[in-house]
Amino acid sequence: MPELPEVETIVRGLIPRLTGRRIVAAEFPCQRVLRSPMDGLAGLRIDGVRRSGKFIVFTFDNRRSLEIHLGMTGKLLVNGEPGPYTRALFTLEDGLLLYDDVRQFGRLELSSAGGRGRTAALGPDPLELDAESFVREVRARRSRIKPLLLNQGFLRGLGNIYTDEALHRAEIHPLALSSRLSRPRCLRLHESIRQVLLESIEHGGSSISDYVDAEGRRGGFQSLHRVYGREGQPCMVCGTPVRRIVVAQRGTHFCPRCQRR
DNA sequence: CTTAATGTTCCCCA
DNA sequence: TTGGGGAACATTAA
(Lines give C-alpha, C1' and ligand atoms only; values in the text may rest on other atoms or scores of the structure.)
Protein backbone atom coordinates (compact mmCIF):
# COMPACT_ATOMS: atom_id res chain seq x y z
CA MET A 1 0.00 0.00 0.00
CA PRO A 2 2.26 2.67 1.19
CA GLU A 3 5.26 3.73 -0.81
CA LEU A 4 7.81 6.37 0.11
CA PRO A 5 5.47 9.42 0.01
CA GLU A 6 2.76 7.70 2.06
CA VAL A 7 5.25 6.47 4.67
CA GLU A 8 6.87 9.91 4.78
CA THR A 9 3.44 11.49 5.40
CA ILE A 10 2.65 9.01 8.17
CA VAL A 11 6.00 9.62 9.85
CA ARG A 12 5.60 13.39 9.73
CA GLY A 13 2.27 12.96 11.51
CA LEU A 14 3.73 10.60 14.10
CA ILE A 15 6.76 12.66 15.08
CA PRO A 16 4.96 15.36 17.11
CA ARG A 17 2.59 12.83 18.65
CA LEU A 18 5.09 10.17 19.70
CA THR A 19 8.49 11.71 20.27
CA GLY A 20 9.41 11.62 23.95
CA ARG A 21 6.37 9.51 24.97
CA ARG A 22 6.68 6.31 26.97
CA ILE A 23 5.04 3.04 26.05
CA VAL A 24 2.89 1.98 28.99
CA ALA A 25 1.76 -1.33 27.50
CA ALA A 26 1.90 -3.22 24.21
CA GLU A 27 -0.48 -5.95 23.01
CA PHE A 28 -0.21 -8.15 19.95
CA PRO A 29 -3.45 -9.93 19.03
CA CYS A 30 -1.91 -11.23 15.78
CA GLN A 31 1.29 -13.26 15.83
CA ARG A 32 1.50 -13.41 12.05
CA VAL A 33 2.73 -9.84 11.69
CA LEU A 34 5.52 -10.26 14.24
CA ARG A 35 8.98 -10.94 12.89
CA SER A 36 10.66 -11.12 16.29
CA PRO A 37 9.71 -11.43 19.96
CA MET A 38 8.19 -8.20 21.26
CA ASP A 39 9.42 -8.44 24.85
CA GLY A 40 10.45 -5.45 26.89
CA LEU A 41 8.54 -2.70 25.12
CA ALA A 42 6.63 -1.53 28.16
CA GLY A 43 8.42 1.34 29.87
CA LEU A 44 10.52 2.36 26.88
CA ARG A 45 10.60 5.98 25.79
CA ILE A 46 10.29 6.74 22.07
CA ASP A 47 13.29 8.92 21.28
CA GLY A 48 12.76 9.19 17.55
CA VAL A 49 10.53 8.24 14.63
CA ARG A 50 11.90 8.16 11.10
CA ARG A 51 11.36 6.71 7.65
CA SER A 52 13.78 4.32 5.98
CA GLY A 53 12.53 3.43 2.52
CA LYS A 54 9.04 2.08 3.18
CA PHE A 55 9.87 1.23 6.81
CA ILE A 56 8.84 3.27 9.82
CA VAL A 57 11.52 3.09 12.50
CA PHE A 58 11.04 3.92 16.18
CA THR A 59 14.17 4.30 18.26
CA PHE A 60 13.99 3.89 22.02
CA ASP A 61 15.94 5.13 25.02
CA ASN A 62 17.61 1.71 25.41
CA ARG A 63 19.05 1.99 21.85
CA ARG A 64 16.84 -0.73 20.48
CA SER A 65 14.52 0.02 17.58
CA LEU A 66 11.19 -1.14 16.20
CA GLU A 67 10.93 -1.47 12.42
CA ILE A 68 7.44 -1.46 10.95
CA HIS A 69 6.63 -2.34 7.34
CA LEU A 70 3.02 -1.68 6.36
CA GLY A 71 2.83 -4.27 3.58
CA MET A 72 -0.20 -3.58 1.39
CA THR A 73 -2.88 -2.55 3.88
CA GLY A 74 -1.08 -1.60 7.09
CA LYS A 75 -2.00 1.61 8.95
CA LEU A 76 -0.50 3.30 11.99
CA LEU A 77 -3.21 5.30 13.69
CA VAL A 78 -2.90 7.75 16.55
CA ASN A 79 -5.92 7.75 18.87
CA GLY A 80 -8.01 5.43 16.68
CA GLU A 81 -10.59 2.87 17.77
CA PRO A 82 -9.39 -0.74 18.03
CA GLY A 83 -11.25 -2.96 15.55
CA PRO A 84 -11.19 -6.44 14.03
CA TYR A 85 -8.05 -5.64 12.02
CA THR A 86 -6.03 -4.20 14.88
CA ARG A 87 -2.86 -6.32 14.93
CA ALA A 88 -0.90 -4.36 17.53
CA LEU A 89 -1.91 -1.90 20.21
CA PHE A 90 0.47 0.44 22.01
CA THR A 91 -0.80 2.28 25.06
CA LEU A 92 1.14 5.51 25.53
CA GLU A 93 1.11 7.92 28.42
CA ASP A 94 -1.23 10.23 26.57
CA GLY A 95 -3.10 8.05 24.08
CA LEU A 96 -3.24 4.98 21.93
CA LEU A 97 -1.22 3.96 18.87
CA LEU A 98 -2.81 1.22 16.73
CA TYR A 99 -1.39 -0.95 14.01
CA ASP A 100 -4.27 -2.05 11.76
CA ASP A 101 -3.70 -4.35 8.80
CA VAL A 102 -6.48 -6.13 6.91
CA ARG A 103 -4.29 -8.42 4.81
CA GLN A 104 -1.56 -8.99 7.40
CA PHE A 105 1.25 -8.51 4.88
CA GLY A 106 2.89 -5.95 7.16
CA ARG A 107 5.66 -6.82 9.63
CA LEU A 108 6.92 -5.60 13.00
CA GLU A 109 10.45 -6.36 14.11
CA LEU A 110 12.34 -5.33 17.21
CA SER A 111 16.04 -5.03 16.47
CA SER A 112 18.95 -5.17 18.89
CA ALA A 113 20.56 -2.15 20.56
CA GLY A 114 22.27 -0.02 17.95
CA GLY A 115 21.49 -2.57 15.21
CA ARG A 116 19.91 -1.43 11.99
CA GLY A 117 17.93 -4.62 11.34
CA ARG A 118 16.20 -5.02 7.98
CA THR A 119 16.85 -1.54 6.71
CA ALA A 120 20.58 -2.23 6.53
CA ALA A 121 20.04 -4.30 3.38
CA LEU A 122 18.22 -1.58 1.47
CA GLY A 123 19.60 0.44 -1.40
CA PRO A 124 19.96 4.23 -1.22
CA ASP A 125 17.00 6.57 -0.73
CA PRO A 126 15.99 8.07 -4.09
CA LEU A 127 15.72 11.54 -2.53
CA GLU A 128 19.29 11.35 -1.25
CA LEU A 129 21.06 9.64 -4.13
CA ASP A 130 22.95 12.03 -6.41
CA ALA A 131 22.31 11.95 -10.15
CA GLU A 132 25.75 10.67 -11.14
CA SER A 133 25.57 7.69 -8.81
CA PHE A 134 22.07 6.90 -10.01
CA VAL A 135 23.14 6.90 -13.66
CA ARG A 136 26.12 4.70 -12.90
CA GLU A 137 24.13 2.17 -10.89
CA VAL A 138 21.27 1.92 -13.39
CA ARG A 139 23.59 1.35 -16.32
CA ALA A 140 25.66 -1.19 -14.40
CA ARG A 141 22.62 -3.47 -14.03
CA ARG A 142 21.13 -5.75 -16.63
CA SER A 143 17.48 -5.67 -15.78
CA ARG A 144 14.24 -4.36 -17.16
CA ILE A 145 13.92 -0.89 -15.68
CA LYS A 146 10.62 -1.39 -13.87
CA PRO A 147 11.62 -4.46 -11.84
CA LEU A 148 14.93 -2.72 -11.08
CA LEU A 149 13.19 0.33 -9.64
CA LEU A 150 10.90 -1.90 -7.57
CA ASN A 151 13.89 -3.75 -6.12
CA GLN A 152 14.35 -2.36 -2.60
CA GLY A 153 17.93 -3.59 -2.51
CA PHE A 154 18.65 -1.30 -5.45
CA LEU A 155 16.69 1.76 -4.34
CA ARG A 156 14.56 2.12 -1.22
CA GLY A 157 11.04 3.41 -1.29
CA LEU A 158 9.62 3.13 -4.81
CA GLY A 159 6.59 0.90 -5.36
CA ASN A 160 4.16 0.19 -8.15
CA ILE A 161 2.50 3.60 -8.35
CA TYR A 162 5.56 5.84 -8.38
CA THR A 163 7.56 3.55 -10.64
CA ASP A 164 4.87 3.83 -13.32
CA GLU A 165 4.50 7.56 -12.78
CA ALA A 166 8.24 8.24 -12.90
CA LEU A 167 8.78 6.14 -16.04
CA HIS A 168 5.98 8.03 -17.79
CA ARG A 169 7.47 11.40 -16.85
CA ALA A 170 10.86 10.25 -18.14
CA GLU A 171 9.33 8.71 -21.29
CA ILE A 172 10.87 5.31 -20.65
CA HIS A 173 9.13 2.02 -21.47
CA PRO A 174 8.80 -0.16 -18.35
CA LEU A 175 10.48 -3.08 -20.14
CA ALA A 176 13.48 -1.03 -21.34
CA LEU A 177 16.84 -2.57 -20.44
CA SER A 178 18.58 -0.56 -17.75
CA SER A 179 22.04 -1.18 -19.17
CA ARG A 180 21.00 0.31 -22.51
CA LEU A 181 19.44 3.54 -21.26
CA SER A 182 21.31 6.62 -22.45
CA ARG A 183 22.92 8.92 -19.93
CA PRO A 184 20.45 11.78 -20.61
CA ARG A 185 17.56 9.35 -20.25
CA CYS A 186 18.90 8.18 -16.88
CA LEU A 187 19.35 11.75 -15.71
CA ARG A 188 15.79 12.51 -16.68
CA LEU A 189 14.59 9.41 -14.81
CA HIS A 190 16.47 10.47 -11.69
CA GLU A 191 14.81 13.88 -11.82
CA SER A 192 11.37 12.37 -12.57
CA ILE A 193 11.61 10.09 -9.56
CA ARG A 194 12.56 13.00 -7.30
CA GLN A 195 9.79 15.21 -8.62
CA VAL A 196 6.98 12.68 -8.45
CA LEU A 197 7.94 11.71 -4.90
CA LEU A 198 8.23 15.31 -3.70
CA GLU A 199 4.96 16.32 -5.36
CA SER A 200 3.16 13.38 -3.81
CA ILE A 201 4.54 14.19 -0.35
CA GLU A 202 3.20 17.74 -0.79
CA HIS A 203 -0.25 16.24 -1.40
CA GLY A 204 -0.07 13.80 1.49
CA GLY A 205 0.49 10.70 -0.69
CA SER A 206 -1.89 8.64 -2.85
CA SER A 207 -5.01 6.93 -1.50
CA ILE A 208 -6.07 4.19 -3.92
CA SER A 209 -8.07 2.08 -1.52
CA ASP A 210 -6.62 1.72 1.95
CA TYR A 211 -4.02 4.35 2.62
CA VAL A 212 -4.62 6.91 5.35
CA ASP A 213 -2.09 8.87 7.41
CA ALA A 214 -1.57 8.67 11.18
CA GLU A 215 -4.67 10.78 11.76
CA GLY A 216 -6.82 8.68 9.42
CA ARG A 217 -6.83 11.22 6.56
CA ARG A 218 -6.62 10.21 2.90
CA GLY A 219 -3.98 11.56 0.56
CA GLY A 220 -4.71 13.70 -2.49
CA PHE A 221 -2.09 12.75 -5.05
CA GLN A 222 -4.16 9.98 -6.70
CA SER A 223 -6.07 12.58 -8.71
CA LEU A 224 -2.75 13.77 -10.16
CA HIS A 225 -1.60 10.34 -11.37
CA ARG A 226 -0.85 10.49 -15.08
CA VAL A 227 -0.91 6.76 -15.87
CA TYR A 228 -1.38 4.65 -12.73
CA GLY A 229 -4.94 3.31 -12.64
CA ARG A 230 -5.80 5.14 -15.87
CA GLU A 231 -5.95 2.29 -18.37
CA GLY A 232 -7.82 3.33 -21.50
CA GLN A 233 -7.88 7.01 -20.60
CA PRO A 234 -6.05 9.46 -22.85
CA CYS A 235 -2.41 10.20 -22.02
CA MET A 236 -2.23 13.69 -20.53
CA VAL A 237 0.69 14.50 -22.83
CA CYS A 238 -0.33 13.08 -26.23
CA GLY A 239 -3.88 11.74 -25.92
CA THR A 240 -3.03 8.12 -26.78
CA PRO A 241 -4.97 5.69 -24.57
CA VAL A 242 -2.96 4.51 -21.55
CA ARG A 243 -2.13 0.82 -21.80
CA ARG A 244 -1.91 -1.75 -19.00
CA ILE A 245 0.38 -4.76 -19.14
CA VAL A 246 1.78 -7.06 -16.45
CA VAL A 247 5.45 -6.73 -15.51
CA ALA A 248 7.00 -8.56 -12.57
CA GLN A 249 3.48 -9.71 -11.64
CA ARG A 250 2.37 -6.11 -11.18
CA GLY A 251 -0.14 -4.12 -13.16
CA THR A 252 1.92 -1.68 -15.23
CA HIS A 253 0.53 1.45 -16.81
CA PHE A 254 2.23 3.40 -19.59
CA CYS A 255 1.65 5.47 -22.71
CA PRO A 256 2.61 3.42 -25.77
CA ARG A 257 3.40 6.58 -27.70
CA CYS A 258 5.37 8.60 -25.15
CA GLN A 259 7.16 5.52 -23.81
CA ARG A 260 8.51 3.68 -26.86
CA ARG A 261 10.66 0.60 -26.47
C1' DC B 1 -17.06 -16.95 -9.71
C1' DT B 2 -12.98 -14.50 -11.17
C1' DT B 3 -9.69 -10.94 -10.97
C1' DA B 4 -6.93 -7.44 -9.03
C1' DA B 5 -5.12 -4.70 -5.18
C1' DT B 6 0.01 0.76 -2.62
C1' DG B 7 4.43 -5.64 -1.17
C1' DT B 8 7.92 -9.05 -0.02
C1' DT B 9 10.02 -13.56 -0.04
C1' DC B 10 11.21 -17.97 -1.52
C1' DC B 11 12.02 -21.49 -4.91
C1' DC B 12 13.36 -23.00 -9.47
C1' DC B 13 15.42 -22.31 -13.93
C1' DA B 14 18.51 -20.24 -17.44
C1' DT C 1 26.30 -14.56 -9.86
C1' DT C 2 22.34 -12.39 -11.83
C1' DG C 3 17.87 -12.02 -13.38
C1' DG C 4 13.18 -13.75 -14.65
C1' DG C 5 8.89 -16.19 -13.64
C1' DG C 6 5.66 -18.03 -10.63
C1' DA C 7 3.61 -19.15 -6.24
C1' DA C 8 2.52 -17.96 -1.69
C1' DC C 9 0.83 -15.08 2.04
C1' DA C 10 -4.72 -13.04 3.59
C1' DT C 11 -8.63 -10.27 2.66
C1' DT C 12 -11.80 -7.33 0.33
C1' DA C 13 -14.16 -5.21 -3.52
C1' DA C 14 -15.73 -4.95 -8.09
Side-chain angles (χ1 to χ4, degrees), chain A residues 1-11 29-35 51-56 67-76 83-87 99-109 117-123 126 137-167 174-180 193 196-197 199-201 203-214 217-232 244-253:
Chain A
M1 75 141 335
E3 304 180 30
L4 188 155
E6 290 75 36
V7 178
E8 179 66 25
T9 303
I10 292 167
V11 165
C30 174
Q31 292 293 302
R32 177 169 290 279
V33 302
L34 304 184
R35 263 211 146 109
R51 177 186 65 76
S52 183
K54 301 177 191 175
F55 288 82
I56 295 163
E67 298 178 335
I68 300 174
H69 194 293
L70 301 173
M72 291 280 259
T73 54
K75 306 174 184 180
L76 268 181
Y85 305 120
T86 299
R87 314 297 186 185
Y99 175 66
D100 278 26
D101 188 353
V102 172
R103 291 173 71 181
Q104 299 167 233
F105 284 178
R107 294 291 180 262
L108 278 64
E109 179 168 4
R118 301 248 140 206
T119 62
L122 300 174
E137 295 301 323
V138 166
R139 301 183 75 187
R141 296 292 198 109
R142 300 183 112 90
S143 171
R144 312 254 174 196
I145 190 65
K146 169 147 179 175
L148 183 61
L149 297 179
L150 288 175
N151 180 349
Q152 302 299 297
F154 179 72
L155 208 57
R156 63 177 75 185
L158 288 183
N160 208 31
I161 295 176
Y162 299 104
T163 297
D164 283 3
E165 292 297 318
L167 288 172
L175 293 176
L177 293 176
S178 64
S179 55
R180 299 185 58 178
I193 290 169
V196 76
L197 294 177
E199 284 174 31
S200 181
I201 290 169
H203 291 269
S206 303
S207 289
I208 302 302
S209 59
D210 291 272
Y211 166 70
V212 290
D213 69 13
R217 290 179 304 231
R218 289 169 57 81
F221 193 66
Q222 62 279 4
S223 60
L224 298 174
H225 292 172
R226 298 182 188 178
V227 287
Y228 185 86
R230 299 200 181 283
E231 181 186 12
R244 180 185 178 279
I245 60 176
V246 174
V247 176
Q249 296 184 290
R250 314 299 302 276
T252 297
H253 315 74

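All figures in this text were calculated on a predicted structure; none of them were measured in a lab.
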Item to complete: Could you tell me the separation between the CD atom of A/Glu231 and the P atom of B/dT3, rounded to a whole number of Å?
Response: 15 Å

Discussion item. By the 4.0 Å heavy-atom rule, please label A/Tyr162 as base, sugar-phosphate, or nothing.
Written reply: nothing

Practice prompt. Mark yes or no for whether A/Thr163, through its side chain, and A/Asn160, through its backbone, hold a donor-acceptor pair below 3.5 Å.
Written response: no

Worksheet item: Rounded to the nearest Å, what distance is computed from the CG atom of residue A/Asp164 to the P atom of nucleotide B/dG7?
Response: 10 Å

Worksheet entry | Worked check of side chain to side chain contact (heavy atoms under 4.5 Å, CB included) between A/Leu70 and A/Tyr99 | CA-CA 9 Å; A/Leu70 301 173; A/Tyr99 175 66; 3.6 Å; yes

Fill in: Check: A/His253 and A/Arg230 side chains under 4.5 Å, non-hydrogen atoms
no

Discussion item. Counting C-beta onward and ignoring hydrogens, is there a side-chain heavy-atom pair between A/Asp164 and A/Lys146 closer than 4.5 Å?
Written reply: yes

Worksheet entry | Stem regions touching DNA chain B, defined by at least 3 consecutive Watson-Crick or wobble G-U pairs below 3.5 angstrom | B:2-5 with C:11-14, B:7-14 with C:2-9

Discussion item. Between A/Arg118 and A/Arg107, is there a side-chain heavy-atom distance shorter than 4.5 Å?
Written reply: no

Worksheet item: Which value, in whole Å, describes the distance between the C1' atoms of nucleotides C/dG4 and B/dA5?
Response: 23 Å

Discussion item. From CZ of A/Arg244 over to P of B/dT3, roughly how many Å is that when rounded to an integer?
Written reply: 12 Å

Worksheet item: Taking side chain as C-beta onward, heavy atoms only, is A/Thr252 less than 4.5 Å from A/Leu167?
Response: no

Discussion item. Suppose you measure atom P in B/dC10 against the same atom in C/dA10; what distance do you get, rounded to whole Å?
Written reply: 15 Å

Worksheet item: Got more than 12 heavy atoms from elsewhere within 6.0 Å of CZ, A/Arg218?
Response: yes

Item to complete: Just call it for A/Arg107: base, sugar-phosphate, or nothing, with non-hydrogen atoms closer than 4.0 Å on any strand.
Response: nothing

Discussion item. Using 30° and 60° as the class boundaries, would you call the ring planes of A/Phe55 and A/His69 parallel, tilted or perpendicular?
Written reply: perpendicular

Discussion item. Suppose you measure atom P in C/dG6 against the same atom in B/dT3; what distance do you get, rounded to whole Å?
Written reply: 15 Å

Worksheet entry | Span of DNA chain C, from the first to the last nucleotide whose atoms fall under 4.0 Å of chain A heavy atoms | C/dG3 to C/dT12

Worksheet item: Atom NE2 of A/His253 to atom P of B/dA4: distance rounded to whole Å?
Response: 11 Å

Item to complete: Give one of base, sugar-phosphate or nothing for A/Ser209, where a contact means two heavy atoms less than 4.0 Å apart.
Response: base

Worksheet item: Where along nucleotides 8-14 of chain B does protein come under 4.0 Å, by heavy atom, of base (B) or sugar-phosphate alone (S), with - for untouched nucleotides?
Response: SS-----

Worksheet item: Are any non-hydrogen side-chain atoms of A/Thr9 and A/Tyr211 less than 4.5 angstrom apart?
Response: yes

Worksheet item: For the side chain of A/Gln152 and the backbone of A/Gly157, is there at least one donor-acceptor N/O pair under 3.5 Å apart?
Response: yes

Worksheet item: Taking side chain as C-beta onward, heavy atoms only, is A/Glu199 less than 4.5 Å from A/Leu224?
Response: no

